[in-house]
Protein chains: 2
Amino acid sequence: MADLVYQNIMKDLKDRIKKNEFDSKRLPDERSLSESYGVSRSSVKRALNVLANQGIIFKKRGSGTFINPLFQKNRSIFQYEGSNLGVTDSFKSNGEVPKIKLLDFNVIPASDELQTELFLDPGEFVYEIKRLRTFEDKPFMIELGYIPIRVAPELNKERVEGSIFNYFEDTTGKAVTKSFMTITTEPSTGEDQKLLNLKPVEPVGVMEGIFFLDDGTPFEVSNMRLHYKYLNYNTFVDLNENR
Amino acid sequence: MADLVYQNIMKDLKDRIKKNEFDSKRLPDERSLSESYGVSRSSVKRALNVLANQGIIFKKRGSGTFINPLFQKNRSIFQYEGSNLGVTDSFKSNGEVPKIKLLDFNVIPASDELQTELFLDPGEFVYEIKRLRTFEDKPFMIELGYIPIRVAPELNKERVEGSIFNYFEDTTGKAVTKSFMTITTEPSTGEDQKLLNLKPVEPVGVMEGIFFLDDGTPFEVSNMRLHYKYLNYNTFVDLNENR
DNA sequence: AAGTGGTCTAGACCACTAC
DNA sequence: TAGTGGTCTAGACCACTTA
C-alpha cells in the first residue's frame, strides 16, 4: 500500500506484537529499532506514536516501551479501534463479509439540524438511507444515514446496497477519513427488537456521527443502532493532546 | 504550566482561531508561522497536528491549512474539548459536584489478570474499591476499581470517598492523564437495577479501562456501570495517523 | 553512571495544488 | 512555476528511571 517508512515500521511492529514476538511485553529501545530498521530515530518514534495513540503500546520515559496488556483481550467481531471509520472496514475480515439490506431510500430536504451538521444552505437536499447490516445471517445494525446530494450526486438504490464510503472513494478518489462520534445506549424499541432479533430486555448501542472527507467537507450524518453484543468501542485518551 | 514550544504555539493558535483572527478561514503557511514564532518548522507542524487531530483545522497538501467551519459555527459539537478523564472533573463544568457512596473497600492480592493489566509482580496487593456515584441525589454509576497499593500506599476509607485522582495529584504532583477504554452495553443486572434505580428493561453502559499516569505507570483498572442516560461518549477520529 | 523516551533544530527532498 | 504541506534525516540536549 503505502511506501512510507513510518507506516511500514508501524505495521511490522504491530504484526510482531500480534505474534507475541516480544514475550517480555517490552519493545527494543528506540535507538536499537532505528539501527535495526536502518532508519532515523524520528521515524521510529513516529511509528511508535501511532501505536501508542491506538492504545497498543505505551511508553515510559526512562524505562522503555511496553505492550498494552489489554490489546488483544475481548475482541468481538465488530470493533471500532480508532483506526477504522466505516462499518465495512471494522470487521476482522476472516473471509466473511457483512451484508446490507436496504430498508429505505429517499431524497428529502435537509432539516435545520442537518443543515448545521452538514454545512448546507437552506433548501438543499439529502439522501435518506436506511439500511440493515447483517453478518453471517445475523442482523446487527440499523443504520440511518444522510448524505448531501451535492457531495455525492451519483448515488442510487443499487449503489447504497454496498459500502458507500468505498464506492465514493473508488469513483472520486476522495476518502472519508475523519469523524465525530457520540456513543450512547438505549432500551430497544419495537422496531429494534424486530429487526435486530432482540428480546425486550436487551438494549441497543447507539453511535451517532458526522463523517468528513479529508479536506474537511462533511460527508454524512449517521445514526447507527447496534445489537448490544456488537457495540465494542475501544479508545485511547491522552489528556496532554486534548488541550 | 508547560514550557513546551509546540504546546504554547498550539494554545496560541487555538486562541487566535476562537477570536476569529483568521477571518479568511485560512492559517498562515507553516514556514511563515515558523519564522514569526521563531521556532523550527517541525515544532509548528507538531502544534498544527494536535489541532488537526482535534478536528479544529484541516490541512490540504498543496493549498494550505484551514479552519473547520463547524468549529466556529457550532462549537458545542466539539464537546470533547477540555474533557477530562475522571468522573469528578467531568461534572465540574456544570458547577455541580457529584457525590460518592462507598460500597466496599478491601485490600486483596492481585489476580492474574490484574497483575497483567497493572504490571504487577505475583503476590502484590491492590485496593478493591466499589463506589456508587450520585448526582443531584440520583445514582448514575457503579464503579469497581483496582489500584496497586505500591502506587498509592496512602489510600484509606475516608480518602476514597472523594476523587482519588484529585487526591493523588494534590499529594504527589502526578496526574492521571491517559486511559485505554472499552465501551460496551448490557442489560442491567438485579444489582444494577437496585443501585441505579433502573427498570428491568433499562440497560447499563459499561466502560472498562486502564488509567495511566503521565509517565505511563498503570494507576487503576476500572469497571464502570452507568445508568444508560449518563453514557455519553464523544470522540473525534482521524484516520491519518499523524504525528 | 548508563540507558531510556521527550523535545527541538536545520535542512533536504517529495507530492500536490493553484495559477 | 511557485507555494503549500508531507516525509525523513542526523544530531543535540533534556528529564527521568534503574542500578
Side-chain angles (χ1 to χ4, degrees), chain A residues 1-10 13 22 24-35 37-53 57-67 172-175 177 213-217 238 240-241, chain B residues 1-10 13 22 24-35 37-53 57-67 119 121 150-151 172-175 177-178 212-218 238-243:
Chain A
M1 179 216 234
D3 241 353
L4 301 183
V5 169
Y6 79 94
Q7 283 192 4
N8 288 334
I9 293 177
M10 185 264 288
L13 287 173
F22 307 107
S24 62
K25 301 280 181 206
R26 185 185 170 157
L27 266 55
D29 72 276
E30 297 180 348
R31 289 165 179 87
S32 307
L33 288 172
S34 161
E35 196 178 352
Y37 281 113
V39 302
S40 72
R41 189 177 158 217
S42 310
S43 295
V44 169
K45 287 185 89 66
R46 188 163 184 181
L48 291 175
N49 280 337
V50 174
L51 295 176
N53 287 332
I57 60 173
F58 57 89
K59 300 186 270 187
K60 286 194 67 168
R61 175 188 287 195
S63 337
T65 301
F66 303 87
I67 298 167
T172 67
K174 293 181 188 171
T177 58
L213 304 182
D214 202 44
D215 66 5
T217 308
D238 184 344
N240 292 318
E241 306 292 342
Chain B
M1 178 198 197
D3 244 351
L4 302 182
V5 170
Y6 79 93
Q7 284 191 3
N8 289 334
I9 293 177
M10 186 264 288
L13 286 174
F22 309 107
S24 63
K25 292 182 178 174
R26 182 182 174 158
L27 266 56
D29 70 277
E30 296 181 349
R31 289 165 179 88
S32 307
L33 288 171
S34 160
E35 194 177 353
Y37 280 114
V39 302
S40 71
R41 190 177 156 215
S42 310
S43 295
V44 169
K45 288 186 86 67
R46 187 162 184 183
L48 291 176
N49 279 337
V50 175
L51 295 176
N53 287 333
I57 60 172
F58 294 102
K59 297 188 280 187
K60 275 207 84 172
R61 174 189 288 195
S63 17
T65 301
F66 303 86
I67 299 166
F119 270 63
D121 297 323
R150 173 159 52 85
V151 176
T172 67
K174 292 180 187 170
T177 57
K178 303 175 214 278
F212 301 89
L213 303 182
D214 200 46
D215 66 5
T217 306
D238 184 347
L239 267 200
N240 299 311
E241 302 147 308
N242 287 325
R243 220 160 290 202

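Lettering of chains follows the sequences in order, A, B, ..., and the numbering in each one begins at 1.
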Considering only side-chain heavy atoms of [X], which listed nucleotide, [options], is closest?
X        : options                 : result
Thr65(A) : dG5(C), dT7(C), dG11(C) : dG5(C)
Ser63(B) : dA18(C), dT4(D), dG6(C) : dA18(C)
Arg31(A) : dG5(C), dC8(C), dG11(C) : dG5(C)

| query | Starting at the 5' end of DNA chain D and moving along, which residue's nearest nucleotide shows up first, Leu48(B) or Arg41(A)? | reply |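 Looking at DNA chain D, the more 5' nearest nucleotide goes with Leu48(B).
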
Between Gly62(B) and Lys174(B), whichever has its closest DNA chain D nucleotide further toward 5' is Gly62(B)

Check the pair Thr65(B) / Asp29(B) against side-chain contact (heavy atoms from CB on, under 4.5 Å), numbers first and verdict last.
CA-CA 7 Å; Thr65(B) 301; Asp29(B) 70 277; over 6 Å; no

Determine whether any donor atom in the side chain of Arg46(B) lies under 3.5 Å from an acceptor atom in the base of dG6(C), or the reverse, and answer yes or no.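 No, no donor-acceptor pair under 3.5 Å.
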
request  = Would you please confirm or rule out a distance under 4.0 Å between OP1 or OP2 of dT4(D) and any side-chain N or O of Lys59(B)?
outcome  =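 False: Lys59(B) side-chain N/O out of range (4.0 Å or more) of dT4(D) OP1/OP2.
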
Discussion item. Looking at Tyr6(A), I'd like to know whether one of its side-chain N or O atoms comes within less than 4.0 Å of OP1 or OP2 on dC8(D).
Written reply: no

Output the rounded distance in Å from [atom1] ([X]) to [atom2] ([N]).
X        : N       : atom1 : atom2 : result
Asn49(A) : dT7(D)  : CG    : C1'   : 15 Å
Asp29(B) : dC16(C) : CG    : C1'   : 15 Å
Leu27(A) : dT4(C)  : CG    : C1'   : 13 Å
Leu51(B) : dG5(D)  : CG    : P     : 14 Å
Met10(B) : dC8(C)  : CE    : P     : 12 Å
Arg61(B) : dG6(D)  : CZ    : C1'   : 5 Å
Lys45(A) : dG5(C)  : NZ    : C1'   : 5 Å
Glu30(B) : dT9(C)  : CD    : C1'   : 15 Å

Closest heavy-atom pair, Glu30(A) versus Lys59(A), reported as atoms and distance to 0.1 Å, is OE2-CD, 4.3 Å

Residues Asn8(A) and Asp3(A): closest non-hydrogen pair is ND2-C, 4.0 Å

- request: Give Ser43(B) one of three labels, base, sugar-phosphate or nothing, depending on what nucleic acid heavy atoms sit under 4.0 Å from its own.
  value: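 The residue Ser43(B) makes sugar-phosphate contact but no base contact.
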
inquiry  = Counting the atoms with a prime plus P, OP1 and OP2 as sugar-phosphate, which does Lys60(B) contact under 4.0 Å by heavy atoms, base, sugar-phosphate, or nothing?
reply    =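 Sugar-phosphate contact only - Lys60(B) comes under 4.0 Å of backbone atoms but never of a base.
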
| When you measure from the side chain of Arg46(B) to the backbone N and O of Val5(B), does any donor-acceptor pair fall under 3.5 Å? | no

*Working to the nearest 0.5 Å, report the span between OH of Tyr6(A) and CG of Asn49(A).*
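Reported to 0.5 Å precision, the distance equals 11.0 Å.
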
